[in-house]
A.B. asks: 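I have a structure I would like to understand better, so I am pasting it below and will then ask my questions one at a time.
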Amino acid sequence: MNFSERVYHETSLIPGGRVATYSYIARRAGNPGAARAVGNILNRNPYPGKVPCHRVVRRDRRPGGFARGTREKERLLKKEGILIVDGRVPERFFL
DNA sequence: GCTCTGACGATTT
DNA sequence: GAAATCGCCAGAG
């Protein structure tokens, strides 16, 4: 299993209504410090529908980017009950 | 193997 | 506190 496959796997484990950070996924995938690479990998998400890549946010709790726009990402999160206060995801929603 | 890119992160202006 | 700067890492070409 290469790094990117582990990233998709770990991301798929995030429960609904919860979020994780890029660095957290990088660490779980066995490569702490590869947060930036994780973002690039999720961007090309080959498993639409299977991998909830919108549940991965930045360490500073800001939403971060999204292939189809930050607005859409926020919409998806809100639909799961994850509110965004002042452009940030509250601490209680983190894994 | 080198260079460039970018859904990141921490530090410094 | 926003913007610039630097270090980081996997993919693509």
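Convention: sequence-line order gives letters A, B, ...; per-chain numbering from 1.
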A.B. asks: From CG of A/N40 over to P of C/dC9, roughly how many Å is that when rounded to an integer?
C.D. replies: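 One finds 14 Å between P of C/dC9 and CG of A/N40, rounded.
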A.B. asks: Classify the side chain of A/R58 and the base of B/dC8 as holding, or not holding, a donor-acceptor pair under 3.5 Å.
C.D. replies: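 No, the side chain and the base share no sub-3.5 Å donor-acceptor pair.
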A.B. asks: Take A/H54 and A/F66, measure what side-chain contact (heavy atoms from CB on, under 4.5 Å) needs, and give me the verdict at the end.
C.D. replies: CA-CA 7 Å; A/H54 59 281; A/F66 196 62; 3.8 Å; yes
A.B. asks: Which of the following nucleotides, C/dA10, B/dA7, B/dG6, is nearest to the side chain of A/A67?
C.D. replies: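 The answer is B/dA7, which lies nearest to the side chain.
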A.B. asks: Applying a 4.0 Å non-hydrogen cut-off, can you work out what A/A34 is touching in the nucleic acid: base, sugar-phosphate, or nothing?
C.D. replies: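 Sugar-phosphate, backbone atoms only, no base.
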A.B. asks: Please report the distance, rounded to the nearest Å, between CZ in A/R62 and P in B/dA10.
C.D. replies: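 Rounded to the whole Å, the gap is 13 Å.
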A.B. asks: With heavy atoms under 4.0 Å as the rule, sort A/S4 into base, sugar-phosphate or nothing.
C.D. replies: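 Sugar-phosphate: the residue A/S4, judged by heavy atoms under 4.0 Å, touches backbone atoms but no base.
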A.B. asks: Any idea which of C/dA12, B/dG9, B/dG6 is nearest the A/S23 side chain?
C.D. replies: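 Taking heavy atoms from C-beta onward, the closest nucleotide is B/dG9.
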A.B. asks: With a 4.5 Å limit on heavy-atom distance, are the side chains of A/Y8 and A/N45 in contact?
C.D. replies: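 Yes - at least one pair of side-chain heavy atoms lies under 4.5 Å apart.
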A.B. asks: Has the side chain of A/R36 got a donor or acceptor that lies under 3.5 Å from a partner of the other kind on the base of B/dG9?
C.D. replies: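 No.
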A.B. asks: I need the CG-P distance between A/L42 and B/dT5, as an integer number of Å.
C.D. replies: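 One finds 21 Å between P of B/dT5 and CG of A/L42, rounded.
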A.B. asks: Evaluate salt bridge (Lys or Arg N to Asp or Glu O under 4.0 Å) for A/E80 paired with A/R55, printing each intermediate quantity in order.
C.D. replies: CA-CA 10 Å; A/E80 291 185 346; A/R55 297 189 192 135; 2.7 Å; yes
A.B. asks: According to a strict under-4.0 Å criterion, is A/R59 in side-chain N/O contact with OP1 or OP2 of B/dA10?
C.D. replies: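 Checking B/dA10 against A/R59, a side-chain N or O does come within under 4.0 Å of OP1 or OP2.
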A.B. asks: Nearest of B/dA7, C/dA10, B/dG6 to any side-chain atom of A/F3?
C.D. replies: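 For A/F3, the side-chain atoms sit closest to C/dA10.
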A.B. asks: As a test of reading the structure: which of C/dC9, C/dA12, B/dA7 is closest to the side chain of A/R44, going by heavy atoms?
C.D. replies: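 In terms of side-chain proximity for A/R44, the closest of C/dC9, C/dA12, B/dA7 is C/dA12.
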A.B. asks: Has A/N31 got a side-chain N or O lying under 4.0 Å from the OP1 or OP2 atom of C/dA10?
C.D. replies: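 A/N31 to C/dA10 OP1/OP2: side-chain N or O found under 4.0 Å.
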A.B. asks: Taking any heavy-atom pair under 4.0 Å as a contact, classify A/Y22: base, sugar-phosphate, or nothing.
C.D. replies: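 Base contact.
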A.B. asks: Any side-chain heavy atom of A/L77 within less than 4.5 Å of one from A/E74?
C.D. replies: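 A/L77 does not reach A/E74 side chain to side chain.
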